[in-house]
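Chain naming here is simple, since letters A, B, ... match the order of the sequence lines and numbering starts at 1 in each. Please read these numbers as outputs of a predicted model, since none were measured by experiment.
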2 protein chains.
Amino acid sequence: MDKKLASHAAEVLKALAHPIRLQVVEALEGGERSVGEIAEAVGEKQAITSQQLNIMKDKGILKSRREGARVFYWIENENAIRVLGCVHNHCRKKGKGRR
Amino acid sequence: MDKKLASHAAEVLKALAHPIRLQVVEALEGGERSVGEIAEAVGEKQAITSQQLNIMKDKGILKSRREGARVFYWIENENAIRVLGCVHNHCRKKGKGRR
DNA sequence: TCTGCGTATCGAGATATAACGATATTACTA
DNA sequence: TAGTAATATCGTTATATCTCGATACGCAGA
């Protein structure tokens, strides 16, 4: 893995490495949802949610479409879900087995 | 996934979301190596490499042991390797234009 | 104890990210 | 075209991260 590839991979990971953004991925696992629905699901204000959605869209993790006044987001990069799975797995192990 | 779990998961991901740190994981996939070996493998200076190793150790991704003057690091959290695999997979798809 | 090698830490400056309230934009409807 | 709901963006402040040179620490051999 050369520097350039590593940098790009890091960019993608960074786009997931945030509590709100992880929760967004979780909220979208079942399919597309509007910004308002997502904001409610993750328990954050509209402005912040919109910003985080934009970040993930920029990095190619999400895509969006407008439908009237609302905008729906969905997961474009399925690897995001796999990454979420890995971290989930890690956290379960820490919580139950060790220490 | 509640806020607390999401925050912890984000912490772990953040510890991987850096070009050097991803390369470190790759360098350690084959087993433990000393700081000097790792620094050379990723092409970075000693101080920076040591700092990044420390970050990953703090977050439970690596562990280390001292052997004389040298310190060896290895991967403690195998999920780090899986995450790396996910991102690799993502980048390959993007690069070749498949879908 | 002194020396040298390998590793860790410190402090500073530059850059990036987070969070927030306020405001702008867009689209629908009366 | 005025009003309203949904979403996006702006401007600011606070905080975190990255990088680097310098330096301190830990260990082993002479």
Side-chain angles (χ1 to χ4, degrees), chain A residues 3-25 27-28 32-76 80, chain B residues 3-4 6-25 27-28 32-76:
Chain A
K3 288 275 177 207
K4 201 176 167 190
L5 175 56
S7 291
H8 177 240
E11 282 286 298
V12 176
L13 276 184
K14 230 191 282 186
L16 288 172
H18 185 288
I20 296 178
R21 298 198 287 268
L22 284 178
Q23 291 179 287
V24 167
V25 171
L28 293 180
E32 69 172 19
R33 291 171 98 172
S34 72
V35 175
E37 289 171 335
I38 297 169
E40 203 199 337
V42 306
E44 294 291 337
K45 298 181 182 172
Q46 179 271 324
I48 293 183
T49 305
S50 177
Q51 285 169 349
Q52 304 299 347
L53 290 171
N54 230 336
I55 291 171
M56 302 175 80
K57 190 179 166 187
D58 278 349
K59 299 294 170 55
I61 292 173
L62 305 182
K63 277 206 172 180
S64 67
R65 69 180 176 87
R66 180 176 280 274
E67 184 177 308
R70 285 182 297 175
V71 176
F72 288 85
Y73 283 82
W74 66 91
I75 296 174
E76 169 71 9
Chain B
K3 288 275 177 208
K4 201 176 167 190
S7 290
H8 177 239
E11 283 287 297
V12 175
L13 276 183
K14 232 192 278 187
L16 289 172
H18 185 287
I20 295 177
R21 299 198 289 267
L22 285 177
Q23 289 179 288
V24 167
V25 171
L28 294 179
E32 68 173 20
R33 292 171 97 171
S34 72
V35 175
E37 289 171 336
I38 297 169
E40 203 200 337
V42 307
E44 293 291 337
K45 298 182 180 171
Q46 180 271 325
I48 293 183
T49 304
S50 178
Q51 286 169 347
Q52 305 298 348
L53 290 171
N54 230 339
I55 291 171
M56 301 175 80
K57 190 179 167 188
D58 278 348
K59 300 294 171 54
I61 292 174
L62 305 182
K63 278 206 170 179
S64 68
R65 68 183 177 85
R66 179 175 281 275
E67 185 176 307
R70 285 182 298 174
V71 177
F72 288 85
Y73 283 81
W74 66 91
I75 296 175
E76 169 71 8

Side-chain donor-acceptor contacts of residues 13-22 of chain B below 3.5 Å, not counting sequence neighbours, with atom names and distances?
residue : atom : partner : partner atom : Å
B:His18 : ND1  : B:Ile20 : N            : 3.1
B:Arg21 : NE   : B:Ala15 : O            : 2.7
B:Arg21 : NH1  : B:Gln52 : OE1          : 2.7
B:Arg21 : NH2  : B:Lys14 : O            : 2.9

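- If you measure from atom CD of B:Gln51 to atom P of C:dG6, you get 19 Å, rounded to the nearest angstrom.
- Under the rule for a side-chain contact (heavy atoms from CB on, under 4.5 Å), the partners of A:Ala41 that lie at least two apart in sequence or sit in another chain are A:Ala27, A:Arg33.
- Partners of B:Ser50 by side-chain contact (heavy atoms from CB on, under 4.5 Å), not counting sequence neighbours, listed by chain and number: B:Gln46.
- The side-chain hydrogen bond (donor to acceptor under 3.5 Å, both in side chains) test applied to B:Ser64 returns B:Lys57, not counting sequence neighbours.
- Counting all heavy atoms, side chain and backbone alike, B:Val24 lies closest to B:Val42 at N-CG1, 4.0 Å.
- The side chain of A:Ile48 approaches C:dA19 more closely than any other nucleotide in the set C:dA19, C:dT9, C:dA8.
- Phosphate proximity of C:dT17 to A:His18: absent, as no side-chain N or O sits under 4.0 Å from OP1 or OP2.
- Residues that satisfy the salt bridge (charged side-chain N to carboxylate O under 4.0 Å, His left out) test with A:Lys3, not counting sequence neighbours, are B:Glu44.
- Every side-chain contact (heavy atoms from CB on, under 4.5 Å) that A:Arg66 has, sequence neighbours left out, goes to A:Val71.
- Going from atom NZ of B:Lys57 over to atom C1' of C:dT9 covers 13 Å, rounded to whole Å.
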Protein-nucleotides 22-30 of chain C N/O pairs closer than 3.5 Å?
none

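- For B:Ile38 and C:dG6, the CD1 to C1' distance is 13 Å, given to the nearest whole Å.
- Along DNA chain D, the stretch of nucleotides lying under 4.0 Å from any heavy atom of chain A spans, 5' to 3', D:dA6 to D:dC10.
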